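Here you go, one structure.
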Amino acid sequence: MERGYSIAEARNHLAALIHDAEAGSPVRITRRGRPVAVLLSHSQYERLTGRPQRFWEALEAFRATVAPEDLEGGAEVFEDVRDRAGGRDVAL
């Protein structure tokens with residue numbers, strides 16, 4: 001947020017300010033030079049107020065957007081992560 005807009009300015013330019021907010025630039029609204037509100041996109045609002053993702057949900061969302069081949073080191077970075085040895089003896 002680089003610049004604040006007074007309530008009067010915001011009222012006169014509401015359509016443009018909403019467009020800016022939709023584009024990802026939150027808009028600060030001021031009264032007598034002091035910040036009183038912020039106009040932001042609905043997706044930003046949902047992200048801030050929505051239910052926090054559980055780890056597995058966040059991991060699945062990450063996996064849906066990033067291919068292992070695109071990561072630094074490529075997919076082979078994960079080849080030795082899992083120990084494929086037989087395991088250990090456990091007394092039951």
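Every value quoted in this text rests on a predicted model; they were computed, and no experiment measured them. Counting begins at 1 with the first residue of the sequence.
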Yes or no on side chain to side chain contact (heavy atoms under 4.5 Å, CB included) for I29 and V38, after CA distance, side-chain angles and deciding distance? CA-CA 6 Å; I29 309 295; V38 175; over 6 Å; no

Spell out, as yes or no, whether a donor-acceptor pair under 3.5 Å connects the side chain of T49 to the backbone of Y45.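 Pair found, side chain donor or acceptor close to backbone of Y45.
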
Are P26 and Q44 packed together at the side-chain level, in the sense that at least one heavy-atom pair is separated by less than 4.5 angstrom?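 SC-SC contact between P26 and Q44 confirmed.
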
With sequence neighbours excluded, residues passing salt bridge (charged side-chain N to carboxylate O under 4.0 Å, His left out) with E9: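 E9 satisfies salt bridge (charged side-chain N to carboxylate O under 4.0 Å, His left out) with R3 only.
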
Separation of S6 OG from R11 CZ (nearest 0.5 Å):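 Between R11 CZ and S6 OG, I get 8.5 Å after rounding to 0.5 Å.
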
With R63 via salt bridge (charged side-chain N to carboxylate O under 4.0 Å, His left out) - residues at least two apart: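 Applying salt bridge (charged side-chain N to carboxylate O under 4.0 Å, His left out) to R63 gives E60.
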
Minimum heavy-atom separation for G4 to T30, with atom names?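 Residues G4 and T30, closest heavy atoms: CA-CG2, 4.3 Å.
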
Which residues pass the side chain to side chain contact (heavy atoms under 4.5 Å, CB included) test with R88, sequence neighbours left out?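 Checked R88 against side chain to side chain contact (heavy atoms under 4.5 Å, CB included); matches are V90.
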
Restricting to side chain to side chain contact (heavy atoms under 4.5 Å, CB included), what partner residues turn up for L14, sequence neighbours left out?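 With sequence neighbours excluded, L14 shows a side chain to side chain contact (heavy atoms under 4.5 Å, CB included) to I18, given in chain and number order.
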
S43: partners by side chain to side chain contact (heavy atoms under 4.5 Å, CB included), with sequence neighbours left out: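 S43 satisfies side chain to side chain contact (heavy atoms under 4.5 Å, CB included) with S41 only.
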
Results of side chain to side chain contact (heavy atoms under 4.5 Å, CB included) for A67 - residues two or more places apart only: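 Once residues adjacent in sequence are excluded, the partners of A67 under the side chain to side chain contact (heavy atoms under 4.5 Å, CB included) criterion are E69, D70.
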
Smallest separation among heavy atoms of L17 and A10, with atom names: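 Nearest pair, atom of L17 first, then A10: CD1-CA, 3.4 Å.
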
Result of checking D20, L48, V27 against L40 for side chain to side chain contact (heavy atoms under 4.5 Å, CB included):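 Going through the options one by one, the only one that passes is L48.
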
Approximate separation, where rounding is to 0.5 Å, of E22 CD and L39 CG: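 Nearest 0.5 Å value for the CD-CG distance: 9.0 Å.
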
